Amino acid sequence: MIRAVSNITFSIKYSKIAVYVLSIAFCIGPLISLLQSFSLNRIIYELSIGQATNALFCLLLIVTIPLTTNTLSIKANLFIPIICFIYWISITIFYSISSTDTIVYCFRVFYLLMIYLTTRILSYLNLIDEAWFFRIGKILLAIIIISQIYVYYSGGARTNLLDPRIAIAGTTFQTSRWGAYLVSIFPIFFLKKKLDGVDYFFIFLALISSIFTFRRSATISLLFVMAFYALQRNNLKIIKSKIKTIFIFIIIFIGAYYITVKTPFADGFLLKLSDLNLGSGGTGSGRAIFWRITLYHLNEMSVIRLLIGDGVGALAKEMITNYGGAIGAHNDWLDILISFGFIGLTFFSWIFLQICLIAFSLYQKKDMFSFASLAISISFLVISITTGGILEPTFACLFGVLGFCAGKELQYSDKC
């Protein structure tokens with residue numbers, strides 16, 4: 001008995017260290033991107049600081065995960081499907097065009113698994129709560145907005161639109177990162193059963209910031225989450241709460257509409273939106289072309305290749321031949337199908353199914369965190385279809401919030 005108590009104390013001690021490690025891990029990516037705004041992107045990318053820091057925090061999280069909560073890790077909803085996915089990816093290294101990229105891909109997915117497991121355990125042990133996540137969300141959103149403001153006034157944003165001072169993403173390099181960070185932190189602001197004025201304010205800021213990134217997929221994802229939240233609130237019996245929620249979201253939409261259409265910013269943003277009209281010659285920033293090339297490649301694959309995939313790098317090679325540049329399909333389901341075949345796609349679908357099951361379980365229990373987990377399911381689906389990269393480290397916070405919700409779900413299961 002004494003030994004058991006000692007082990008629990010030991011675990012909680014190391015878990016508290018994991019809280020600090022996790023806080024820095026969530027913030028380090030956006031901070032590196034912020035440094036890019038100050039024209040340091042060449043140095044950062046040549047030294048691969050982003051990859052190095054992810055590796056460091058991944059190692060620290062492994063060390064600080066409580067030793068007496070190994071069963072919590074093994075029984076975690078996402079543990080088996082993600083491990084199976086990583087295992088299958090590692091097998092494809094033997095026939096992949098780029099073994100290095102395959103190893104990096106495995107590491108990225110493993111990093112997200114570690115984030116998920118750590119937050120799940122800390123949530124289960126009540127060492128982190130929604131207030132802690134809310135502080136993380138405010139810090140990350142502040143970093144993004146500061147970067148956007150700086151680049152707007154310094155004129156350093158990389159853009160092909162009308163005004164070079166309009167900050168596509170507030171950075172001079174890798175503009176898609178800010179959109180990913182915004183999608184990743186957005187569910188944090190729904191970690192309450194009843195939102196207050198502060199929550200709505202940060203939701204509004206996140207939506208406006210996403211519009212200024214010119215990342216249409218990110219903005220669409222955020223709008224879907226807000227729409228589903230409004231529909232969910234409409235299921236409530238309290239008429240006053242219904243009216244209040246709808247009214248607040250109408251104000252948010254009007255504000256977003258004004259910034260989008262009634263300012264000089266509108267020309268560039270509407271130009272991006274017009275590219276979604278495939279009937280008028282639009283390509284969705286090349287997506288129509290990428291998907292057509294990808295589907296043609298799939299049609300040429302044999303049954304065996306469709307089953308096991310062509311490995312990492314196969315699609316990039318196809319794109320170089322038919323498009324002139326090494327780029328993905330901008331759709332995770334197509335990317336994974338070509339690279340890892342139907343076996344890999346099955347594991348990826350399993351991961352998505354487990355995410356949905358967490359949300360459904362919390363919804364059945366009428367838990368206050370049910371909508372945050374539903375928001376993650378929505379974001380996962382929208383991003384994986386419209387732009388891809390949902391298993392990139394930039395979505396670490398998304399998996400962190402999911403782990404937090406899963407930890408609470410485990411608590412309720414233990415009480416039953």
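Reckoned from all heavy atoms, side chains included, excluding hydrogens, waters and symmetry mates. As the structure is a computational prediction, the values presented were derived from the model and not from experiment.
Surrounding CZ of F224 are at most 12 heavy atoms belonging to other residues, nucleotides or ligands under 6.0 Å away. Atom OH of Y95 has more than 12 neighbouring heavy atoms from other residues, nucleotides or ligands inside a 6.0 Å radius.
Rounded to the nearest 0.5 angstrom, L78 CG and I83 CD1 are separated by 11.0 Å. Note that the CG atom of L334 and the CG atom of L295 stand 6.0 Å from one another [nearest 0.5 Å]. In this structure, the separation between OH on Y200 and CZ on F204 is 14.5 Å, given to the nearest 0.5 Å. The structure places CD1 of I93 at 5.5 Å from OG1 of T102, a figure rounded to the nearest 0.5 Å. Atoms OG1 and CD1, on T118 and I128 in that order, are 9.0 Å from each other to the nearest 0.5 Å. For the atom pair CG of L402 and CZ of F395, the computed distance is 14.0 Å after rounding to the nearest 0.5 Å.
F228 has its ring centre no less than 6.0 Å from the ring centre of F371. Between Y116 and F399, the ring center distance fails the sub-6.0 Å criterion.
Defined by atom type and a distance below 3.5 Å, a donor-acceptor pair is missing between the side-chain atoms of D335 and H330.
Side-chain contact between F134 and L191 is absent, with no heavy atoms from C-beta onward closer than 4.5 Å. Residues I144 and Y181 are in side-chain contact: their nearest non-hydrogen atoms beyond the backbone lie under 4.5 Å apart. Inter-residue side-chain proximity for R120 and Y124 is flagged as unmet; no heavy-atom pair is nearer than 4.5 Å. Side-chain contact between C27 and I139 is present, with heavy atoms from C-beta onward closer than 4.5 Å. The side-chain heavy atoms of L223 and L207, taken from C-beta on, include a pair separated by under 4.5 Å. Between I308 and T92 there is no side-chain heavy-atom pair separated by less than 4.5 Å. For the pair D101/S96, no side-chain contact is recorded, criterion being any heavy-atom separation below 4.5 Å from C-beta on.
When each of F186, F189, F190 is checked for a ring pair (Phe, Tyr, Trp, His ring centres under 6.0 Å) with F202, only F189 meets the rule. The one candidate from F133, W132, F26 that meets the ring pair (Phe, Tyr, Trp, His ring centres under 6.0 Å) condition with F404 is F133.
The two residues A314 and I97 have their closest heavy-atom pair at CA-CD1, 3.6 Å. Taking both residues in full, the closest heavy atoms of I390 and S379 are given as CD1-O, 4.4 Å, listed atom of the first, atom of the second, then distance. Of all non-hydrogen atoms in V401 and I188, the two that sit nearest each other are CG2-CG1, 3.5 Å. What you find for C106 and I86 is that their closest heavy atoms are SG-O, 3.9 Å. A396 and L112 get closest at one heavy-atom pair: CA-CD2, 3.6 Å. Looking at every heavy atom in both residues, C397 comes nearest to I185 through SG-CG2, 4.0 Å.
Under a 3.5 Å cut-off, the side chain of T219 and the backbone N or O of S210 do form a donor-acceptor pair. In this structure, the side chain of S302 engages the main chain of R305 through a donor-acceptor pair within 3.5 Å. A donor-acceptor pair under 3.5 Å links the side-chain atoms of D332 to the main chain of G389, judged by distance alone. For T119 (side chain) and G400 (main-chain N/O), a donor-acceptor pair under 3.5 Å exists by modelled atom type. Without hydrogens or angle criteria, D310 side chain to I338 main chain gives no donor-acceptor distance under 3.5 Å. Between the side chain of K408 and the backbone N or O of S123, at least one donor-acceptor pair lies under 3.5 Å. Between the side chain of S23 and the backbone N or O of V19, at least one donor-acceptor pair lies under 3.5 Å. Within the 3.5 Å criterion, the main-chain N or O of Y87 finds a donor-acceptor partner in the side chain of S90. Not a single donor-acceptor pair under 3.5 Å links the side chain of S209 to the backbone N or O of L205.
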Tell me, with the steps shown, if F369 and E130 meet side-chain contact (heavy atoms from CB on, under 4.5 Å).
-> CA-CA 9 Å; F369 304 118; E130 62 273 18; 3.6 Å; yes

L141 and L182: side-chain contact (heavy atoms from CB on, under 4.5 Å), yes or no, with the steps?
-> CA-CA 7 Å; L141 185 58; L182 285 166; 3.7 Å; yes

Let me see the working for T394 and S184 under side-chain contact (heavy atoms from CB on, under 4.5 Å), right down to the final yes or no.
-> CA-CA 8 Å; T394 46; S184 191; over 6 Å; no

Enumerate, atom names and distances included, each donor-acceptor pair closer than 3.5 Å involving a side-chain atom of residues 343-358, sequence neighbours excluded.
residue, atom, partner, partner atom, Å
T346, OG1, F342, O, 2.7
S349, OG, L345, O, 2.8

